[in-house]
Trainee: 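Quick one: the structure is below, and I'll ask about it shortly.
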Amino acid sequence: MDVSKVVSFSRNFAVLVKVEGPDPKGLKMRKHAFHQYHSGNTSLSASGILFPRRSLSGGEVAAKLMAEAGQDMALVLTVASVVEPFLTLGHRTTSISQDPVKFIPGARIEIMVEGQLNSEKEAPFWVPAQLLSLVDVPVSSAALQSLIEACSGSKDSGWDVGWSLVSAANGSQPSIKIGHYSKPLMQLDEPLDAKFMAKSATRMALLGVPLSLLGQPNMSFASSSSKGDTLVALGSPFGILSPVNFFNSVSTGSIANSYPSGSLNTSLMIADVRCLPGMEGAPVFDTNGNLIGILIRPLRQKNSGVEIQLVVPWGAITTACSHLLLEEPSEEGKAKQWGSEVPSVKPDSDIPAQVAIEKAMESICLITVNDGVWASGVLLNEHGLILTNAHLLEPWRYGKGGVHGEGNDTGLKPYVLGAEGFSSTRSKFWEQKSQTLPRKAPADLYSSVGENIREYKHNLLQTAHGDIRVRLCHQDSWTWFPANVVYICKSQLDVALLQLEYAPGKLQPIAANFSSPPLGTTAHVVGHGLFGPRCGLSPSICSGVVAKVVHAKMRLTQSISQEVTEFPAMLETTAAVHPGGSGGAVLNSSGHMVGLVTSNARHGAGKVIPHLNFSIPCAVLAPIFKFAEDMQNMELLQTLDQPNEELSSVWALMPSLSPKTEQSLPSLPKLLKDGNNKQKKGSQFAKFIAETQDMFVKPAKLSRDVIPSKL
């Protein structure tokens, strides 16, 4: 389907959920990014999905709910966080009670639905609703808990579940930063904190709505989804603040990653999509109009403020509440539907591009140095030559601390990247007990390599950069390999080359495109941003467009003519880049590498701007790709070490020097510059003052007008 058709179709199912109740002390809005408070009442809102009662299973529990709710009843599924503040105290616990959930006196729920679902109404209208049940999703909760705990080993990085606006407003979000716990309302032991947050974030609420839904079309479930698949979310950000303006807003993106990695039964999806508070509970569809899952509150990194959008797959939800909802389809490759009519959809036209990108992702590897930092890398040939960033190996050249991130940033400012405008996108982790990475393995565990590679390894490899290990996706499994440094660029380019000590067979090197990508074309950034070795995730993919291509003049030293040619010197994309993504690849829609991810920008306060990032075009890296063919001619790499002022100014984010203007200057006497002159420096200065005293006049009175700053 066209995206516009998917949006029109999904409007039949997306709703706005409003919960209102007495709140004399104004406490119900805690842990919520927005609310309405009037005359002692607080209103909260979220998004939800509306579906007919025929989607209920024929079990005893479902029959009991329908008997209590009434025959003419539709269902709404939303996140439990919007209703939990108004539950009685006995139901605000970490586990769901067997007793029916109850609201405090005076609390009520309303649902806003599209007018097209009722032939008598044209505009959206409100319908009262009742809370039927709370539903935990164990597999998604366990996946989120595992991800949080794996990411919490850094000294300066804590993780929250919730919107960043919450902490900015009241600081009430529960934290899981190691050694610093902010307790939720219930007093929990520290080991249960991550478990509590994960369970609370993935919990759902099932509501009953008095609607017949005779005009609602049938909807299918997506049987499976892959990384890079396009998704469409329809939610109501800040819905109760102005429903007319925000009801059922559209956001599109793609699936960046899934957890557990490589499993057919996905428990949790990471989405590369723009979301705002109030969109939790929104249904997420693919481009064929099939339901993928439900959007929940994001995972947020405290030190950077980066929000990672999460989607609970519909299959995980139906498995968790099989006693209430129909199970997901069991037939491979087919979608199950509500109703009897199958909607006619066309095959996804993006499948060839997705296949090419998935193939290219096999060339992206994870690199660790001394178990202190990690970054990404790109496999260049079948012999195990890997391209990455120099700041991973020599961070002090770019104003960074040691490999463990210790020390301050007051040292040498990065010459290539400029003072403080850039953020190198490597990331840090620290070992925890029982979670050490595999050590170097003996050579007999790997397939042998050719004699020319061994000779090259002996003569040119550098071993003074610590313990370097590389994780490759080799033959559908992850394998760690020791590696050594081949080359580190000493000039303006932040690039380095690594060589695996033991190169296995059937490696999948990247294919490069050396042309300048047209502005506005699709760009996919693939790397290990934010989620490092502990998380057990494959590379994430974030999509955007090529926003800017900055050109500079370079001399083609490898050519005979020695001509000066204009090259693309920097790529800027709108795809999200996070710490740890350094050394990842920028791919076009054909799966060809067009750039090497290097850095992104920061706000003045230190916050990373993920969607403003900078990459080195493959056209500049052409000597490296040429060297990768046989790895013999080091002169190709030495051409990159030659200084280039124009290229340096581009990467320093500084404009080129303007041409000198002819300006009349006072005729100053020529100072004595003869090295054989025996006159002392003091005498030279005195003579200079005496000869130029007429030029030193009393300055004019300065104006007291305040000149506004341009910064």
Side-chain angles (χ1 to χ4, degrees), residues 357 360 363 376 378 380 387-391 414-418 421-422 424-425 489 491-497 510-527 542-559 561-575 577 581-601 611-628 636-637 639-657:
I357 294 171
S363 306
S376 307
V378 182
L380 297 184
L387 174 65
T388 187
N389 287 139
H391 70 250
Y415 170 71
V416 178
L417 301 183
F422 278 41
S424 62
T425 52
C489 184
S491 62
Q492 56 274 337
L493 294 180
D494 185 7
V495 295
L497 290 175
I510 198 74
N513 186 320
F514 301 102
S515 61
S516 178
L519 297 182
T521 54
T522 301
H524 306 280
V525 172
V526 183
C542 295
S543 302
V545 299
V546 178
K548 178 72 175 178
V549 179
V550 183
H551 290 82
K553 292 182 179 180
M554 294 182 60
R555 184 176 299 279
L556 299 178
T557 54
Q558 63 267 32
S559 66
S561 62
Q562 297 287 313
E563 62 182 34
V564 176
T565 307
E566 191 174 68
F567 266 62
M570 173 190 286
L571 299 182
E572 300 174 19
T573 75
T574 61
V577 172
S582 283
V586 182
L587 306 177
N588 59 19
S589 297
S590 300
H592 295 162
M593 178 178 173
V594 296
L596 179 74
V597 179
T598 299
S599 53
N600 51 18
H611 296 277
L612 178 56
N613 49 77
F614 310 94
S615 304
I616 303 174
C618 284
V620 179
L621 303 176
I624 290 180
F625 284 90
K626 183 67 176 176
F627 170 80
L636 292 171
L637 301 180
T639 61
L640 299 177
D641 292 330
Q642 298 178 4
N644 185 307
E645 293 184 4
E646 189 171 357
L647 188 61
S648 297
S649 66
V650 168
W651 279 97
L653 295 185
M654 296 175 59
S656 302
L657 296 177

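Keep in mind that this is a model prediction, so the values were computed, not measured.
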Trainee: Please step through side chain to side chain contact (heavy atoms under 4.5 Å, CB included) for the pair V594 and V546, ending with a clear verdict.
Mentor: CA-CA 10 Å; V594 296; V546 178; 5.9 Å; no
Trainee: Not counting sequence neighbours, which residues clear salt bridge (Lys or Arg N to Asp or Glu O under 4.0 Å) with K548? List them please.
Mentor: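 Partners of K548 under the salt bridge (Lys or Arg N to Asp or Glu O under 4.0 Å) test: none.
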Trainee: Would you give the length of the straight line joining atom OG1 of T598 to atom CG of L571, rounded to the nearest 0.5 angstrom?
Mentor: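 Rounded to the nearest 0.5 Å, the OG1-CG separation comes out at 9.5 Å.
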Trainee: Please check if the side chain of Q492 supplies one atom and the backbone of Q642 the other of a donor-acceptor pair under 3.5 Å.
Mentor: yes
Trainee: To the nearest 0.5 Å, what is the distance between OG on S599 and NE2 on H391?
Mentor: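 NE2 of H391 is found 8.0 Å from OG of S599.
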Trainee: Where the side chain of T574 meets the backbone of V545, is there a donor-acceptor pair that is under 3.5 Å apart?
Mentor: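 A pair under 3.5 Å: yes.
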Trainee: When you measure from the side chain of T388 to the backbone of S376, do you find a donor-acceptor pair of N or O atoms at a distance under 3.5 Å?
Mentor: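 Yes; judged by distance alone, with no hydrogens or angles, the pair exists.
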Trainee: What distance separates L387 CG from I616 CD1, expressed to the nearest 0.5 Å?
Mentor: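 If we round to the nearest 0.5 Å, L387:CG and I616:CD1 are 8.0 Å apart.
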Trainee: Name all pairs fulfilling the side chain to side chain donor-acceptor pair (under 3.5 Å) condition that reach into residues 515-527, sequence neighbours left out, sorted by first residue then second.
Mentor: N513-S515, H524-S543
Trainee: I'd like to know if the side chain of N588 reaches the main chain of S590, judged simply by a donor and an acceptor atom lying under 3.5 Å from each other, with no hydrogens or angles considered.
Mentor: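 A pair under 3.5 Å: yes.
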Trainee: Heavy atoms only: give me the nearest V586-A523 pair and the separation to one decimal.
Mentor: CG1-CB, 4.1 Å
Trainee: To the nearest 0.5 angstrom, please state how far the CG atom of N644 sits from the CZ atom of F567.
Mentor: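 The CG atom of N644 sits 11.0 Å away from the CZ atom of F567.
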Trainee: Could you measure the distance from the OG1 atom of T639 to the NZ atom of K626? Nearest 0.5 Å is fine.
Mentor: 12.5 Å
Trainee: As a quick check of understanding, evaluate side chain to side chain contact (heavy atoms under 4.5 Å, CB included) for F614 and V650, giving each step before the final call.
Mentor: CA-CA 11 Å; F614 310 94; V650 168; over 6 Å; no
Trainee: Quick check: closest heavy atoms across P623 and L640, and the distance to 0.1 Å?
Mentor: CG-CD2, 3.9 Å
Trainee: To check you understand the geometry: which heavy-atom pair defines the closest contact between E646 and H551, and what is its length?
Mentor: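 So the two residues come closest at OE2-O, 4.4 Å.
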Trainee: To the nearest 0.5 angstrom, please state how far the CG atom of L493 sits from the CD1 atom of I624.
Mentor: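 Going from the CG atom of L493 to the CD1 atom of I624 covers 7.5 Å.
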Trainee: Hey, is the main chain of N389 close enough, under 3.5 Å, to the side chain of D494 for a donor-acceptor pair?
Mentor: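 Such a contact is absent between D494 side chain and N389 backbone.
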Trainee: Is a side-chain donor or acceptor of N600 paired with a backbone partner of V577 at a separation under 3.5 angstrom?
Mentor: yes
Trainee: Spell out, as yes or no, whether a donor-acceptor pair under 3.5 Å connects the side chain of W651 to the backbone of A569.
Mentor: yes
Trainee: With T573, which residues qualify under side-chain hydrogen bond (donor to acceptor under 3.5 Å, both in side chains), at least two apart?
Mentor: N613
Trainee: Nearest heavy-atom pair of L380 and A628: which atoms, and what distance?
Mentor: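 L380 and A628 have their closest heavy atoms at CB-CB, 4.0 Å.
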Trainee: Identify the two heavy atoms, one from L587 and one from A360, that lie closest to each other, and give their separation to 0.1 Å.
Mentor: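 So the two residues come closest at CD1-CB, 3.7 Å.
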Trainee: If you take all heavy atoms of A619 and P568, which pair is closest and at what distance?
Mentor: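 Smallest heavy-atom distance, with atoms named: CB-CG, 3.7 Å.
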Trainee: What verdict does the side chain to side chain contact (heavy atoms under 4.5 Å, CB included) test give for D641 and C489, after you've listed the backbone C-alpha separation in whole Å, the side-chain angles of each residue and the deciding distance to 0.1 Å?
Mentor: CA-CA 6 Å; D641 292 330; C489 184; 3.7 Å; yes
